[in-house]
Amino acid sequence: SIAKSSAESLLSLINDILDHSKIEAGMLVIESISFDGRQLLENIADSMALTVSKKNLDMILDVDPKLPKQLVGDPNRLRQVLSNLLSNAVKFTSEGHIRISAKPVDLEPGQNNVRIRFCVEDTGIGIAKEKQSGLFQAFEQADVSTTRKYGGTGLGLAITRRLAQLMG
């Protein structure tokens, strides 16, 4: 189990570095395909359910009923963004809950395009105000001393930020 855990950590690190490199080189392709947004959110929540349960946390999935069933975008990159945010929420939360929400923003009747606000909230340790501005920079972490306790490379949020920008 130690070897498996170490291999998974190494694979995750390699994937983050490759994604970061692709983004920086302008080589990352964002797809535009139809997918079920609600199903995607449920799958993401399900994938983290065991980890959340082991920490005795509550997971709340809050999908606005006005969210269209079918969305067009890049479901794999959206999953990556939300999974990164959710992983951080789980990592830094020892009690309470984690909430994933999705709601349309400025939805006009008959409109073909919809902006969606996705949010991951938690009751975790929080981030000092003065540290928040650098959090989405590559290799930055709110508190370097937490790296020893919680792990991480400081790439997840930088990748998340760039993917969100690329997806508009």
Would you mind reporting whether [Y] and [X] have side-chain heavy atoms less than 4.5 Å apart?
X: Ile100; Y: Cys119; answer: no
X: Asp62; Y: Arg99; answer: yes
X: Leu86; Y: Ile98; answer: yes
X: Arg162; Y: Ile159; answer: no
X: Asp36; Y: Lys69; answer: yes
X: Val105; Y: Ile116; answer: no
X: Asn84; Y: Gln80; answer: yes
X: Met48; Y: Ser87; answer: yes

Q. Can you name the side-chain contact (heavy atoms from CB on, under 4.5 Å) partners of Glu95, sequence neighbours left out?
A.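 Checked Glu95 against side-chain contact (heavy atoms from CB on, under 4.5 Å); zero matches.
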
Smallest separation among heavy atoms of [X] and [Y], with atom names:
X: Phe35; Y: Leu78; result: CZ-CD2, 4.0 Å
X: Val72; Y: Ser32; result: CG1-OG, 3.3 Å
X: Ser94; Y: Leu57; result: C-CD2, 3.8 Å

Q.
Would a single hydrophobic cluster contain both Val81 and Val63, if residues Ile, Leu, Val, Met, Phe, Trp and Tyr are joined by side-chain heavy-atom contacts under 4.5 Å?
A.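 Same cluster: Val63 reaches Val81 through Ile, Leu, Val, Met, Phe, Trp or Tyr contacts under 4.5 Å.
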
Q. Are Leu166 and Leu85 connected in the hydrophobic side-chain network, where two residues link if heavy atoms are under 4.5 Å apart?
A.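 Same hydrophobic cluster.
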
Q: Rounded to the nearest 0.5 Å, what's the gap from CZ on Arg115 to NZ on Lys103? Could you check?
A: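 That separation rounds to 13.5 Å.
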
(Q) To the closest 0.5 Å, what do you measure between OG (Ser34) and CG (Leu71)? (A)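 It comes to 8.0 Å.
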
**Q.** Trace of the side chain to side chain contact (heavy atoms under 4.5 Å, CB included) decision for Leu28 with Leu163
**A.** CA-CA 9 Å; Leu28 189 78; Leu163 288 174; 3.2 Å; yes

Q | Reference residue Val52; test side-chain contact (heavy atoms from CB on, under 4.5 Å); the match among Asp58, Thr93, Val90 | A |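 So, applying the side-chain contact (heavy atoms from CB on, under 4.5 Å) to Val52 and each of Asp58, Thr93, Val90, only Val90 qualifies.
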
(Q) Does Met167 form a side chain to side chain contact (heavy atoms under 4.5 Å, CB included) with Arg77? I'd like the steps, not just the answer. (A) CA-CA 8 Å; Met167 290 188 290; Arg77 295 304 175 181; 3.9 Å; yes

Q: Enumerate the residue pairs fulfilling salt bridge (Lys or Arg N to Asp or Glu O under 4.0 Å) with a member in residues 117-126, sequence neighbours excluded, ordered by first and then second residue.
A: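 Pairs touching residues 117-126 that pass the test: none.
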
Identify each donor-acceptor pair in which a side-chain atom of residues 40-47 lies under 3.5 Å from a protein atom, sequence neighbours left out, and give them as a table.
{"residue": "Asn43", "atom": "OD1", "partner": "Gln39", "partner atom": "NE2", "Å": "3.0"}
{"residue": "Asn43", "atom": "ND2", "partner": "Gln39", "partner atom": "O", "Å": "3.4"}
{"residue": "Ser47", "atom": "OG", "partner": "Ile44", "partner atom": "O", "Å": "2.7"}

